[in-house]
Undergrad: 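Provided herewith is a single structure, encoded as structure tokens, for subsequent inquiry.
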Amino acid sequence: AEPILLGDSEHIDEEAIVEADPDVILALYSGLTREQYDDLSRYAPVIAPPAEYDDYGIPWQEQTRTIGDVLGKPDEARRLVADAEALIAEAAADHADLDGATTVVASAAEGVYVYSPQAAVSRVLEGLGLVVPEDLADLIGEDFGAEVSLEQIDLVDLDVVLWLDAADDRPPFTVDAYTSLPMSTEGREVRLATTGALAGGSFISVLSLPVILDQLVPMLTAAVDGDPATEVPDEV
């Protein structure tokens, strides 16, 4: 009833894993190292991230199907994927204004931290028709993300920017370089809180996607409608 946490994003508690005596260790959505893989494989088979994706870059569809195969429920997993993909396709068809709109997922750091097109949130935006510009994708390369300095902040002056960990306020930039950007002055921003239905981790779960779409799509369409007076709704 109460999940047992076997570490955090920085540390794996191997002793706790041994005590749990798992039949299998799922590490599909992770930055698992070869050393960690070898260590954990002493206790149980490890399902590692596919080599063709960046760390934390596996598509939610492939993650769900693989877990379904491992658990002996391949048909159920594929049905869940098909249902979620149909909802995304329906949302994209109903909101053609999102098609081709430029976007990036970002969070405030010393400058702006921008996330890879392979990040789970980015993949959902892509399914809705939004695109990460090539210059940002090239800057990020094969990493999970990259830092954009405030001197380069015009790189994120896009049709819509989705800010993670932004609570109820704008990202904490007060410099003119940020506040004068059309993206900022015209309200082309969507801000998601650290916790809640739209927290970043929710985007990797096939069961979360229907809830995410219900909330996120109205926020995105309000941000890209071209009218600065349109208020982007808050996350519920």
Undergrad: Side-chain polar contacts of residues 125-147 - donor-acceptor pairs under 3.5 angstrom, sequence neighbours left out - could you list them?
TA:
residue, atom, partner, partner atom, Å
E147, OE2, E110, N, 3.4
E147, OE2, G111, N, 2.7

Undergrad: Kindly compute the distance separating CH2 (W60) from CD1 (I204), expressed to the nearest 0.5 Å.
TA: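 Between atom CH2 of W60 and atom CD1 of I204 there are 12.5 Å.
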
Undergrad: More than 12 heavy atoms of other residues, nucleotides or ligands under 6.0 Å from CG of D23: yes or no?
TA: no

Undergrad: Carefully, step by step, assess V114 and L155 under the rule side-chain contact (heavy atoms from CB on, under 4.5 Å).
TA: CA-CA 10 Å; V114 292; L155 288 173; over 6 Å; no

Undergrad: Quick check: do E19 and E14 have side-chain heavy atoms less than 4.5 Å from each other?
TA: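 No, their side chains stay 4.5 Å or more apart.
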
Undergrad: Can you give me the closest heavy-atom contact between V190 and A223, atom names plus distance?
TA: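 Nearest pair, atom of V190 first, then A223: CG2-CB, 4.1 Å.
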
Undergrad: For Q152, is the CD atom crowded, meaning more than 12 foreign heavy atoms sit under 6.0 Å from it?
TA: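 It does: Q152 CD has more than 12 such atoms within range.
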
Undergrad: First locate atom OG of S205, then atom CD1 of I212, and finally report the distance between them rounded to the nearest 0.5 Å.
TA: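 One finds 7.5 Å between OG of S205 and CD1 of I212.
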
Undergrad: Within the structure provided, determine whether V161 and R188 are in side-chain contact (heavy-atom separation under 4.5 Å).
TA: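 Not touching, per the 4.5 Å side-chain cut-off.
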
Undergrad: Between A16 and L6, which heavy-atom pair has the shortest distance, and what is it?
TA: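 Minimum heavy-atom separation between A16 and L6: CB-CD2, 3.5 Å.
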
Undergrad: For residues 48-75, which residue pairs qualify under salt bridge (charged side-chain N to carboxylate O under 4.0 Å, His left out), counting only residues two or more places apart or in two chains?
TA: D69-R78

Undergrad: For I67, run the side chain to side chain contact (heavy atoms under 4.5 Å, CB included) check against L71, V70, T64 and tell me which one passes.
TA: L71

Undergrad: Tell me whether L207 is reachable from Y29 by hopping between hydrophobic residues (I, L, V, M, F, W, Y) whose side-chain heavy atoms are closer than 4.5 Å.
TA: yes

Undergrad: Is the backbone N or O of T33 less than 3.5 Å from a side-chain atom of Q36, with the two atoms forming a donor-acceptor pair by type?
TA: yes

Undergrad: What are the two closest heavy atoms between S122 and S116, and how far apart are they?
TA: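 In this case the closest contact between S122 and S116 is OG-O, 2.8 Å.
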
Undergrad: If hydrophobic clusters are built from ILVMFWY residues whose side chains come within less than 4.5 Å, do I25 and I58 share one?
TA: no

Undergrad: Taking the side chain as C-beta and beyond, is there a heavy-atom pair between Y43 and D21 under 4.5 Å?
TA: no

Undergrad: Consider side chain to side chain contact (heavy atoms under 4.5 Å, CB included). Of D154, I153, V156, which one does M183 pass it with?
TA: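 Exactly one pass, corresponding to V156.
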
Undergrad: Would L40 and L32 satisfy side-chain contact (heavy atoms from CB on, under 4.5 Å), going step by step from the backbone distance to the final call?
TA: CA-CA 10 Å; L40 292 172; L32 195 73; 4.1 Å; yes

Undergrad: In terms of hydrophobic clustering (I, L, V, M, F, W, Y; side-chain heavy atoms under 4.5 Å; direct or indirect links), are L158 and L150 co-clustered?
TA: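 Cluster IDs for L158 and L150 match.
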
Undergrad: Distance-only, no hydrogens or angles: does the S41 side chain make a donor-acceptor pair with backbone N or O of Y37 under 3.5 Å?
TA: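 Confirmed, S41 side chain pairs with Y37 backbone.
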
Undergrad: So how far is it from T221 OG1 to D94 CG, rounded to the nearest 0.5 Å?
TA: 11.0 Å

Undergrad: Closest approach of A222 and P233, non-hydrogen atoms and distance?
TA: CB-CD, 3.9 Å

Undergrad: Quick one: pull up CG in D214 and CE in M219 and give me the separation to the nearest 0.5 Å.
TA: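 If I round to the nearest 0.5 Å, the distance is 13.0 Å.
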
Undergrad: Can any side-chain N or O of T103 pair as donor or acceptor with the backbone N or O of V160 at less than 3.5 Å?
TA: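 Yes: the side chain of T103 pairs with the backbone of V160.
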
Undergrad: Got a sec, which residues hit ring pair (Phe, Tyr, Trp, His ring centres under 6.0 Å) with Y53, two or more places apart in sequence or on another chain?
TA: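 None.
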
Undergrad: Set out, in order, the CA-CA distance, both residues' side-chain angles and the distance that settles side-chain contact (heavy atoms from CB on, under 4.5 Å) for Y113 and L164, then state yes or no.
TA: CA-CA 10 Å; Y113 188 84; L164 298 182; over 6 Å; no

Undergrad: Kindly indicate, with the supporting measurements, whether the criterion side-chain contact (heavy atoms from CB on, under 4.5 Å) is fulfilled by L28 and Y56.
TA: CA-CA 8 Å; L28 290 162; Y56 301 95; over 6 Å; no

Undergrad: Sub-3.5 Å donor-acceptor pair from the side chain of S184 to the main-chain atoms of L181, do we have one?
TA: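 No, because the side chain of S184 does not come within donor-acceptor range (under 3.5 Å) of the backbone of L181.
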
Undergrad: To the nearest 0.5 angstrom, please state how far the OG1 atom of T102 sits from the CG atom of D157.
TA: 8.5 Å

Undergrad: Rounded to the nearest 0.5 Å, how far apart are CZ of F203 and CG of L209?
TA: 8.0 Å

Undergrad: Do the side chains of V46 and V24 join up, straight or via other hydrophobic residues, at under 4.5 Å, putting them in one cluster?
TA: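 Per the 4.5 Å side-chain linkage, V46 and V24 are not co-clustered.
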
Undergrad: Are any of the side-chain heavy atoms of L162 and V104 separated by less than 4.5 Å?
TA: no

